[in-house]
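None of these values were measured; they are calculated from a predicted model. Hydrogens, waters and symmetry mates are skipped; everything else that's a heavy atom, side chains included, is used.
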Amino acid sequence: MDVEILPLTSTDLPTVTTFQPDGWPDITKAYSYYIPASFCNPIKMKVGSKIIGLGNSIVFDTTAWLSQIIISADYRSQGFGKLMTKYLIDLLPARINSVNLVATDMGYPLYKKLGFNICAEYLIYFHDLSPIKGMESAVTSKDKFMYYDESHRFILEDLDYKISGECRSNMLDRQNLMGAKLYIHEDQLIGYSVPNLGDGLIVSTDVGLGLRLMARQFNDKRKLAFPSDNISAMKFMEQVGIKPFRKAYRMTLGNLLKPKLEHIYSRIGGNLG
């Protein structure tokens, strides 16, 4: 079988739409972002003239993420997912010592065979009620914040590094940080929310603030995912009677990062944890 792996280009975007998995965020929007981004490597797999697979890597300083590896249903269980994943890993710069991804139940066995190990799990919630009973006090609470501007870059990148364990300055650009809110207490940044980054990143070193931001976002977007390491968030959801819809698994190949996942109240998404 004639297999070819090539860079994905903007002319391929109409085809990307046909790969959209049920329950995933809009992958066309994601790939539209990856294609021009200098730190991303979106690729396509072709058999003959037909695109049968997509994949992407996101490269930071010494860490990287594999994202949205999708093989067309007609070509699954034939080794193409393994080939795509290995190709993305081989593309990474030599300085990368930790490769990360978020796996569904379907993808987990493949990544396990390639040497990835589970290091955390994410709890994913959905709801169709508004507002959720028990969340009213959290949702109506007011917190003082300031909108992000470039003068805040150092303090935001510093806290993001302490929480994520990664230097992600190339991702924290003006486009992604548009509309970001910073929460400062006694001249210290204690939390931030970035609605334009994936599902809407929420980080807080203050439990009360984190729960309030999480509750507001959940009532607004009706979807939420956070690491099970965040016991406070998990207990809050139990108290208001909301159970996780499903789980996903954060997996690592190489050096194990030590993120402070207990401070994450909403993850970015399946592409970046």
Side-chain angles (χ1 to χ4, degrees), residues 4-21 24-46 51-72 80-104 107 110-111 114 116 122 153 156-157 160-161 164-178 180 194-201 225 248 250-255 257 259 267-273:
E4 192 174 16
I5 299 179
L6 300 166
L8 190 77
T9 67
S10 57
T11 59
D12 298 313
L13 288 175
T15 303
V16 170
T17 305
T18 66
F19 283 81
Q20 179 69 45
W24 284 34
D26 183 0
I27 64 169
T28 304
K29 181 179 178 181
Y31 275 100
S32 296
Y33 177 81
Y34 298 150
I35 288 168
S38 61
F39 58 97
C40 297
N41 294 300
I43 59 174
K44 60 190 175 188
M45 176 179 286
K46 299 178 69 176
I51 297 177
I52 66 147
L54 305 172
N56 179 62
S57 62
I58 300 171
V59 180
F60 296 134
D61 184 16
T62 59
T63 64
W65 286 77
L66 306 187
S67 65
Q68 297 178 327
I69 299 172
I70 310 168
I71 302 298
S72 178
F80 293 114
K82 180 178 180 181
L83 179 62
M84 172 76 78
T85 305
K86 291 184 69 175
Y87 186 89
L88 286 167
I89 294 170
D90 290 343
L91 272 182
L92 296 173
R95 69 177 188 274
I96 300 300
N97 57 38
S98 179
V99 185
N100 304 273
L101 55 81
V102 176
T104 61
L110 166 64
Y111 302 128
L114 290 172
F116 285 83
Y122 291 94
R153 174 168 288 278
L156 178 59
E157 288 184 357
D160 187 75
Y161 178 76
S164 71
E166 299 181 84
C167 180
R168 309 193 293 189
S169 57
N170 50 6
M171 182 187 68
L172 297 173
D173 57 15
R174 188 184 300 272
Q175 177 183 346
N176 282 331
L177 293 175
M178 187 178 300
V194 191
N196 288 332
L197 188 55
D199 292 336
L201 175 64
R250 178 172 172 148
M251 305 185 74
T252 297
L253 176 69
N255 289 359
L257 301 177
R267 69 171 189 176
I268 297 174
N271 57 339
L272 281 167

Asks: Are the side chains of E166 and W65 in contact, using a 4.5 Å heavy-atom criterion?
Replies: yes

Asks: For the OH atom of Y33 and the CG atom of N271, what is their distance to the nearest 0.5 Å?
Replies: 9.5 Å

Asks: Enumerate the salt bridge (Lys or Arg N to Asp or Glu O under 4.0 Å) contacts for residues 30-42, please, sequence neighbours excluded, ordered by first and then second residue.
Replies: none

Asks: Between T63 and S98, do the side chains contain an N or O donor and an N or O acceptor separated by less than 3.5 Å?
Replies: no

Asks: Output yes when a side-chain donor or acceptor of R267 lies under 3.5 Å from a complementary backbone atom of D199, and no otherwise.
Replies: no

Asks: Nearest 0.5 Å, what's the CG-CG distance between L66 and L88?
Replies: 5.5 Å

Asks: Can you name the closest pair of heavy atoms from P259 and S164 and give their distance?
Replies: CB-O, 3.5 Å

Asks: Please report the interatomic distance CG(N56) to OH(Y34), rounded to the nearest 0.5 Å.
Replies: 5.0 Å

Asks: So do the side chains of L156 and L177 get within less than 4.5 Å of each other, counting heavy atoms only?
Replies: yes

Asks: With side-chain hydrogen bond (donor to acceptor under 3.5 Å, both in side chains) as the rule and sequence neighbours excluded, what pairs involving residues 85-97 come up?
Replies: none

Asks: Specify the closest pair of heavy atoms between I71 and F19, including all atoms of both residues, with the distance to one decimal.
Replies: C-CE2, 4.5 Å

Asks: Please name the pair of heavy atoms, one in F116 and one in L101, separated by the smallest distance, quoted to 0.1 Å.
Replies: CE2-CD2, 3.6 Å

Asks: Say you draw a straight line from CD1 of I69 to OG of S57; how long is it, rounded to the nearest 0.5 Å?
Replies: 9.0 Å

Asks: Could you report the tightest heavy-atom contact between L110 and G81, atom names first, then the distance?
Replies: CD2-C, 3.7 Å

Asks: Measuring only between side-chain heavy atoms, which start at C-beta, is P93 closer than 4.5 Å to I96?
Replies: yes

Asks: Would you check, one step at a time, whether the test side-chain contact (heavy atoms from CB on, under 4.5 Å) holds for R168 with I268?
Replies: CA-CA 13 Å; R168 309 193 293 189; I268 297 174; 3.7 Å; yes

Asks: Could you tell me which residues satisfy side chain to side chain donor-acceptor pair (under 3.5 Å) with Y31, sequence neighbours excluded, listed by chain and number?
Replies: none

Asks: Would you call R250 and L257 a side-chain contact if the rule is heavy atoms closer than 4.5 Å?
Replies: yes

Asks: Could you check if a side-chain atom of L83 sits within less than 4.5 angstrom of a side-chain atom of M45, using non-hydrogen atoms only?
Replies: yes

Asks: Are P21 and I27 packed together at the side-chain level, in the sense that at least one heavy-atom pair is separated by less than 4.5 angstrom?
Replies: yes

Asks: Does anything in residues 27-40 form a salt bridge (Lys or Arg N to Asp or Glu O under 4.0 Å)? List the pairs, not counting sequence neighbours.
Replies: none

Asks: Let me confirm one number: the OG1-CG distance from T252 to N100, rounded to the nearest 0.5 Å.
Replies: 4.0 Å

Asks: If you measure from CG on L114 to NZ on K82, what distance do you get to the nearest 0.5 Å?
Replies: 6.0 Å

Asks: What are the two closest heavy atoms between A30 and Q68, and how far apart are they?
Replies: CB-OE1, 3.3 Å

Asks: Partners of D12 by salt bridge (Lys or Arg N to Asp or Glu O under 4.0 Å), sequence neighbours excluded?
Replies: K44

Asks: Donor-acceptor check, side chain of N41 to backbone of V59, threshold 3.5 angstrom: yes or no?
Replies: no

Asks: Which heavy-atom pair separates D26 from T28 by the least distance, and what is that distance?
Replies: OD1-N, 2.9 Å

Asks: For I35, what residues pass the side chain to side chain contact (heavy atoms under 4.5 Å, CB included) criterion, not counting sequence neighbours?
Replies: L8, L13, P42

Asks: With the side chain counted from C-beta on, respond yes when I43 and L91 share a heavy-atom pair under 4.5 Å apart, and no when they do not.
Replies: yes

